[in-house]
Amino acid sequence: MNIEILQIPKIEDYRGNIAVIENDIIPFLIKRVYYLFDVPSSARRGGHAHKEQFELLIPLSGSFDVVVNDGKNQKIISLNKPDKGLLIKSNIWRELENFSSGAVCLVLSSGEYLEEDYIRNFDDFLAYVNHK
Ligand code: TYD
């Protein structure tokens, strides 16, 4: 599946840790940064795929689950460490759920916000990936 867990380089210190993301550790140039916060525990986010854009999801605080589906297989990835991110390449359906209280999901994206890059209906997604 077109996903990968990325270990983010960190500088550990008794005063606290620093995790550093530079463009050489991710396979795209960062064009946009956004984050999800104050997400109710019962909420589901995502529910779409990107035709071209890549994203790296990082649980800056707390935890949540990402359900990923490539049109054939589904996996559930739990994110709960601020130095481990989930890289989602193109054509992967994703849903985010089970947010802990205070969870913050940082998203680094390869593109600016572009509604044309989204597939927001799961049947359309299946048709899209199966006819590629
Ligand atoms: P949406 O993609 O549905 O959020 P999520 O996948 O996290 O559940 O986005 C919700 C709304 O925010 C939608 O109207 C589009 C808008 N939006 C932007 O304008 N810019 C952005 O960078 C993002 C991620 C969303």
Side-chain angles (χ1 to χ4, degrees):
M1 200 184 284
N2 243 351
I3 59 164
E4 227 174 278
I5 297 287
L6 278 194
Q7 175 67 52
I8 299 162
K10 60 177 185 279
I11 301 151
E12 287 180 290
D13 192 294
Y14 69 92
R15 299 170 300 165
N17 304 327
I18 303 178
V20 185
I21 300 163
E22 291 183 305
N23 269 307
D24 60 347
I25 72 145
I26 43 179
F28 60 84
L29 265 182
I30 300 163
K31 294 262 183 68
R32 177 169 51 122
V33 176
Y34 64 93
Y35 46 94
L36 297 167
F37 63 102
D38 283 351
V39 182
S41 59
S42 60
R44 290 168 75 88
R45 302 291 321 211
H48 64 255
H50 283 285
K51 295 176 187 165
E52 303 287 344
Q53 293 183 356
F54 286 24
E55 289 189 328
L56 177 63
L57 278 56
I58 302 168
L60 282 193
S61 180
S63 62
F64 51 88
D65 296 333
V66 189
V67 185
V68 284
N69 190 317
D70 65 0
K72 292 198 169 66
N73 298 301
Q74 177 172 297
K75 282 186 189 169
I76 301 178
I77 316 281
S78 292
L79 293 180
N80 54 22
K81 295 197 172 64
D83 62 335
K84 278 196 173 46
L86 177 65
L87 172 67
I88 305 180
K89 298 179 185 172
S90 29
N91 299 312
I92 299 284
W93 185 266
R94 87 289 306 275
E95 294 189 28
L96 282 66
E97 59 185 29
N98 206 14
F99 282 80
S100 70
S101 161
V104 178
C105 173
L106 179 72
V107 184
L108 309 181
S109 172
S110 65
E112 285 159 9
Y113 176 71
L114 181 67
E115 191 54 39
E116 292 76 50
D117 193 62
Y118 284 75
I119 305 171
R120 292 192 181 272
N121 174 283
F122 189 67
D123 290 333
D124 293 347
F125 166 70
L126 290 179
Y128 186 80
V129 289
N130 290 324
H131 292 99
K132 271 180 89 72

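Here the structure is a predicted model, which is why all the values come from computation and not from measurement. Whatever order the structure lists ligands and atoms in, that order sets their numbers, starting from 1. Heavy-atom basis, side chains included; hydrogens, waters and symmetry copies ignored. When a residue number appears, it is its place in the shown sequence, counting from 1.
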K.L.:
If you take all heavy atoms of L86 and I3, which pair is closest and at what distance?
P.N.:
CD1-CB, 4.2 Å
K.L.:
Please identify which atoms of ligand 1 are closer than 4.0 Å to at least one heavy atom of Y34.
P.N.:
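Going through ligand 1 atom by atom, the ones under 4.0 Å from Y34 are 24 (C).
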K.L.:
Please identify which atoms of ligand 1 are closer than 4.0 Å to at least one heavy atom of Y118.
P.N.:
2 (O), 24 (C)
K.L.:
Below 4.0 angstrom, counting only protein heavy atoms, does anything approach atom 1 (P) of ligand 1?
P.N.:
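Yes, there is one.
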K.L.:
Given the protein's heavy atoms, is any one of them under 4.0 Å from atom 14 (O) of ligand 1?
P.N.:
no
K.L.:
Which protein non-hydrogen atom lies closest to atom 6 (O) of ligand 1, naming both residue and atom, and how far is it?
P.N.:
H48 CE1, 2.8 Å
K.L.:
Does atom CZ of F37 have more than 12 heavy-atom neighbours from other groups under 6.0 Å away?
P.N.:
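No, the 6.0 Å shell around CZ holds no more than 12 heavy atoms from other groups.
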K.L.:
Using a 4.0 Å cut-off to any heavy atom of R32, which atoms of ligand 1 qualify?
P.N.:
21 (C), 22 (O), 23 (C), 24 (C)
K.L.:
Do E116 and K51 sit within salt-bridge range, that is, some charged N less than 4.0 Å from a carboxylate O?
P.N.:
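No.
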K.L.:
Which heavy atom in L96 sits nearest to a heavy atom in C105, and how many Å separate them?
P.N.:
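Closest approach of L96 to C105, heavy atoms only: CD2-SG, 4.0 Å.
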K.L.:
List the closest protein heavy-atom neighbour of atom 17 (N) of ligand 1: residue, atom name, distance to the nearest 0.1 Å.
P.N.:
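The protein heavy atom lying closest is Y113 CE1, 3.8 Å.
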K.L.:
Is a donor on one side and an acceptor on the other found under 3.5 Å between the side chain of R45 and the backbone of E97?
P.N.:
no
K.L.:
For this output row, return yes or no: ring centroids of Y118 and Y113 closer than 6.0 angstrom.
P.N.:
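Centroid distance Y118-Y113: below 6.0 Å, so yes.
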K.L.:
Looking only at heavy atoms, is any part of L36 under 4.0 Å from ligand 1, and if so is it the side chain, the backbone, or both, or is it neither?
P.N.:
side chain
K.L.:
Would you check whether R120 reaches within less than 4.0 Å of ligand 1, judged by its heavy atoms?
P.N.:
yes
K.L.:
Tell me whether the count of non-hydrogen atoms from other residues, nucleotides or ligands lying under 6.0 Å of CD in E52 goes above 12.
P.N.:
no
K.L.:
Return the residue, atom name and 0.1 Å-rounded distance of the protein heavy atom closest to atom 4 (O) of ligand 1.
P.N.:
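Going atom by atom, the protein heavy atom closest to atom 4 (O) of ligand 1 ends up being R45 NH2, 3.0 Å.
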K.L.:
Can you give me the closest heavy-atom contact between R32 and E112, atom names plus distance?
P.N.:
NE-C, 3.6 Å
K.L.:
Is there a protein heavy atom at a distance of less than 4.0 Å from atom 11 (C) of ligand 1?
P.N.:
no
